[in-house]
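Quantities reported herein were computed from a predicted structural model and do not represent experimental measurements. So that the names make sense, note that chain A is the first sequence line, chain B the second, and so on, each numbered from 1.
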2 protein chains.
Amino acid sequence: MRRMKFHPTTEDLELPAVLHALSDPHRLRIVRALADEPTPRRCGSFDLDVTKSTLTHHFRVLREAGVIDQRVDGTARLNSLRREDLERRFPGLLDAVLASAPVA
Amino acid sequence: MRRMKFHPTTEDLELPAVLHALSDPHRLRIVRALADEPTPRRCGSFDLDVTKSTLTHHFRVLREAGVIDQRVDGTARLNSLRREDLERRFPGLLDAVLASAPVA
DNA sequence: TCGCTAATACGACGACCATCGTACCAAAGT
DNA sequence: ACTTTGGTACGATGGTCGTCGTATTAGCGA
């Protein structure tokens, strides 16, 4: 199952980019959902009130910041959190973000 | 020593706003500096290569997100981190951010 | 082959952002 | 009162961001 292009390596993860990726409520909801259910999920399976193209945009921001991993599975893209990579590079950061109360 | 206006209360701190405030390299450097030296510091005492008005902008973003506290002391503004408030609202978040390698 | 599905590509739009320059203000020192 | 100091207010500018619509592509199934 092929990996999509432009995933930063673990060492290349940059804190400002990660924080910016997480600073959008929609993207934050995606990350929470991925953390709650560790099974890789399709882009369309997140109940966000935006169009498909906007969704594509948000997933790209998350991927290029190194927050998520995207793999090609037929016509779908399977998304998963890069928990280990984030933990190695920014210990405790993701857990702290996930621990805060869900966004309204 | 009077507090400046528009400090959000602890309960009103919002994660996206805090993450956005921390996602700028200049502001990140300010926060690191405030964490390293807990004595309240003047806005001008941070060695950032931006003009005064830009500096004012960054400090306002940090204050309105609830990351820092700004008090009026004569002509100066004394800045300090809202560590306890941030810790209560988003446990571990600030420590995780500060623990990561400094920005180049 | 002919759709159907899931997502991307591209272009557009308004909003916001970081930055700056200039003008201004308030406190402190002389 | 004048000057200096530390910072704010305001307006402008160029760039990025979130959003959308439309067109397009890749894979799957009938």
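Candidate nucleotides D:dG7, D:dG18, C:dT19 were compared by shortest atom distance to the side chain of B:R77, and D:dG7 ranks first. Closest contact between the side chain of B:Q70 and the listed nucleotides C:dA26, D:dT8, C:dA7 involves D:dT8. Proximity note for A:R60 (side chain, C-beta onward) versus C:dA9, D:dC20, C:dC17: the nearest is C:dA9. Listed candidates were C:dA18, D:dG6, C:dC20. Nearest to the side chain of B:K52 is D:dG6. Closest contact between the side chain of A:V50 and the listed nucleotides D:dG7, D:dC20, C:dA7 involves D:dC20. Of the candidate nucleotides D:dC10, C:dT8, D:dG18, D:dC10 has the atom nearest to the side chain of B:S53. Between C:dT19, D:dT8, D:dG21, one nucleotide has an atom nearer to the side chain of B:T56 than all others, and that is D:dT8. The B:T75 side chain lies nearest to D:dT5 when the options are D:dT19, C:dT8, D:dT5. For B:T51, the listed nucleotide lying nearest its side chain is C:dC20; candidates were C:dC20, C:dT19, C:dA6.
Taking only side-chain nitrogens and oxygens, B:H26 comes nearer than 4.0 Å to OP1 or OP2 of C:dT19. For C:dA18, the OP1/OP2 oxygens have no side-chain nitrogen or oxygen of B:T54 closer than 4.0 Å. Between B:R27 and C:dA18, a side-chain N or O to OP1/OP2 separation shorter than 4.0 Å is present.
Heavy atoms from other residues, nucleotides or ligands lying under 6.0 Å from CG of B:D47 number 12 at most.
Atom CG in B:D73 sits roughly 13 Å away from atom C1' in D:dT5 (whole-Å rounding). Nucleotide C:dT22 holds its P atom 18 Å from the CG atom of B:L55, rounded to whole Å. Per the geometry, NE2 belonging to B:H20 stands 14 Å off P belonging to D:dT16, to the nearest Å.
Here A:R2 lies out of heavy-atom contact (under 4.0 Å) with every strand.
Taking CG of B:L62 as the start and SG of B:C43 as the end, the distance is 10.0 Å to the nearest 0.5 Å.
For the pair A:H58 and A:G74, both in contact range of DNA chain D, the more 5′-proximal nearest nucleotide belongs to A:H58. Nearest-nucleotide assignment on DNA chain C puts the 5′-proximal partner with A:R63, out of A:R63 and B:H57.
Contact check on B:D95 versus B:R83 returns a salt bridge, with a Lys/Arg side-chain nitrogen under 4.0 Å from an Asp/Glu carboxylate oxygen. The pair A:D73-A:R71 fails the salt-bridge criterion, with no side-chain N (NZ, NE, NH1 or NH2) lying under 4.0 Å from an Asp/Glu carboxylate O.
For the pair A:R29 and A:F46, the cation-pi criterion (under 6.0 Å, within 45° of the ring axis) is not fulfilled.
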